[in-house]
Amino acid sequence: MAVIKRVWAREILDSRSTPTVEAAVMLDNGVVSVFSVPSGASTGTHEALELRDHDETRYRGKGVLKAVNNINQIIGPNLIMANLDPTHQEEIDNKMKQMDGTDNKSRLGANSILAVSGAVCKAAAIAQGKTLYQWIYENATQKGLKPMMHAPTPLFNMINGGLHGAGNLDFQEFFVIPASSKNFADGLRLGSEIYMMIGQNLARRGAIHSVGDEGGYAPNLFTNADALEILVEAIRQTNYQIGRDVFLGLDVAANSFYEDGAYKIRDKSAPMNEASLIAYYKELNNLYHMAVLEDPLHEDAWDGWNQLTTEMGQQITIVGDDLIVTSMKRLEKAIQTKACNAILIKPNQIGTISETIDVIKHSREANWKIIVSHRSGETNDTFIADFAVGVGADYVKFGAPARGERVSKYNRLSSIEIELAYKSQQQTPPQPPPQN
Ligand code: PGA
Ligand code: ZN
């Protein structure tokens with residue numbers, strides 16, 4: 001097998017015009033792969049460290065030259081010296097963890113480590129003549145996960161609030177979710193048709209219909225519940241039926257409106273305590289029958305999470321994102337305390353591909369649902385789509401079905417779905433699209 005011969009990195013821009021890290025790996029057989037790292041805005045406090053320069057004279061302190069240099073001067077030379085086979089993903093990831101030596105990757109930066117981890121994964125797939133999702137599937141299988149390969153059901157983020165929207169909504173993401181029984185192509189069409197309808201309705205009312213960070217509309221509305229009403233109205237104008245073809249959901253991202261021990265949202269005149277916020281979710285659920293509820297409480301409200309999941313977890317997929325931050329330690333606590341029944345998976349919250357797969361495997365052992373997610377600051381890299389298929393995720397969350405950096409991932413899933421259909425009939429698919 002080939003060995004890693006060159007590793008290098010540079011600073012590029014993400015979808016918010018913020019610098020991020022792009023790494024490339026070259027093998028001694030000439031194979032080259034490129035991978036770029038996304039970046040969150042509503043980050044959990046317990047995420048691995050995203051290394052930024054904090055040099056206010058460049059990109060308002062957001063430059064990533066330190067992370068780039070860590071790849072070019074530390075990670076790269078060390079990996080090259082060791083003559084490593086890129087198919088040994090875990091060995092390479094462990095080596096980088098050792099080089100870093102901290103719990104939260106704060107010396108080298110999770111952004112520099114993940115950039116190389118992802119580029120190595122791609123290089124190994126190309127060198128073996130395998131699709132990226134197939135290679136990730138093999139990695140996952142080696143680790144004892146038994147993925148069911150399919151294009152997962154998308155959670156379309158149609159309305160952006162919180163830290164992602166320029167409007168006035170407190171809740172961060174308002175989902176439209178096609179029924180899991182639909183194939184991906186039909187689900188994508190449903191998402192697009194409803195997205196267009198929402199935009200048309202907002203325009204007709206003279207409401208703001210420009211979009212937020214993840215491509216969903218970012219209107220000013222009276223309450224957060226009004227945004228759910230807008231989704232219902234748009235769906236009713238289509239041929240799709242709520243509760244049969246399509247469902248609703250929320251990523252509340254409660255950290256962002258939690259202050260001084262209380263939750264402040266525009267739906268209520270006074271700040272709410274945990275009990276009254278949970279009661280409000282029940283009220284909303286009676287009206288809108290939510291299928292998915294992410295980060296309903298702040299990231300360290302363990303008792304409240306348990307109460308909410310005990311009371312609502314039978315009907316609703318309760319997702320831990322800021323709560324768990326793709327960390328094995330926090331996942332173990334969440335399983336023990338029955339804090340939720342699903343996990344949001346973001347490789348850059350933990351910093352290597354191998355650790356991300358370990359966390360997925362452990363979540364599956366607890367019978368949890370797996371949702372593989374982009375970040376609000378994205379590039380056009382489609383790695384995460386292949387990753388979601390390879391690990392057998394139930395859902396993906398790649399934003400609205402709009403804006404290039406979001407649709408590149410949804411479009412990649414469309415082509416994987418076609419490829420898998422051909423392969424299941426043992427036919428050769430039409431010419432596959434390039435992976436990089
Ligand atoms: P982020 O948001 O990428 O800004 O953290 C995504 C999410 O909260 O799910
Ligand atoms: Zn979230």
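In each ligand, atom 1 is the first atom listed, and ligand 1 is the first ligand listed. Sequential numbering from 1 along the given sequence is applied to the chain's residues. Worth knowing before you read on, the calculation uses all heavy atoms, side chains too, and leaves out hydrogens, waters and symmetry mates.
- Other residues, nucleotides and ligands place more than 12 heavy atoms under 6.0 Å from the NZ atom of Lys282.
- Of all protein atoms, those that are N, O or S and lie under 2.8 Å from the Zn ion (ligand 2) total 3.
- Between Phe35 and Phe383, the gap from one ring centroid to the other is short of 6.0 Å.
- Protein residues lining ligand 1, listed by chain and number: Gly40, Ala41, Ser42, His164, Gln172, Glu173, Glu214, Asp251, Glu294, Asp321, Leu344, Lys346, Arg375, Ser376, Lys397 [non-hydrogen atoms, distance under 4.0 Å].
- Outside the 6.0 Å centre-distance limit, the rings of Phe175 and Phe247 are not counted as a close aromatic pair.
- Under 4.0 Å is where a charged nitrogen must lie from a carboxylate oxygen, and between Arg52 and Glu50 at least one such pair does.
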Derivation and outcome, ring pair (Phe, Tyr, Trp, His ring centres under 6.0 Å), residues Phe156 and Tyr410: CA-CA 10 Å; Phe156 292 118; Tyr410 288 129; 5.1 Å; yes

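- Partners of Tyr258 according to the ring-ring contact (aromatic ring centres under 6.0 Å, His included) rule, which considers only residues two or more places apart in sequence or in another chain, are Tyr263, His298.
- Note on Arg16 versus Glu405: no salt bridge recorded, every NZ/NE/NH1/NH2 to OD/OE distance being 4.0 Å or above.
- Under a 3.5 Å cut-off, the side chain of Thr309 and the backbone N or O of Trp305 do form a donor-acceptor pair.
- By the side-chain contact (heavy atoms from CB on, under 4.5 Å) test, Thr310 pairs with Asn306, sequence neighbours left out.
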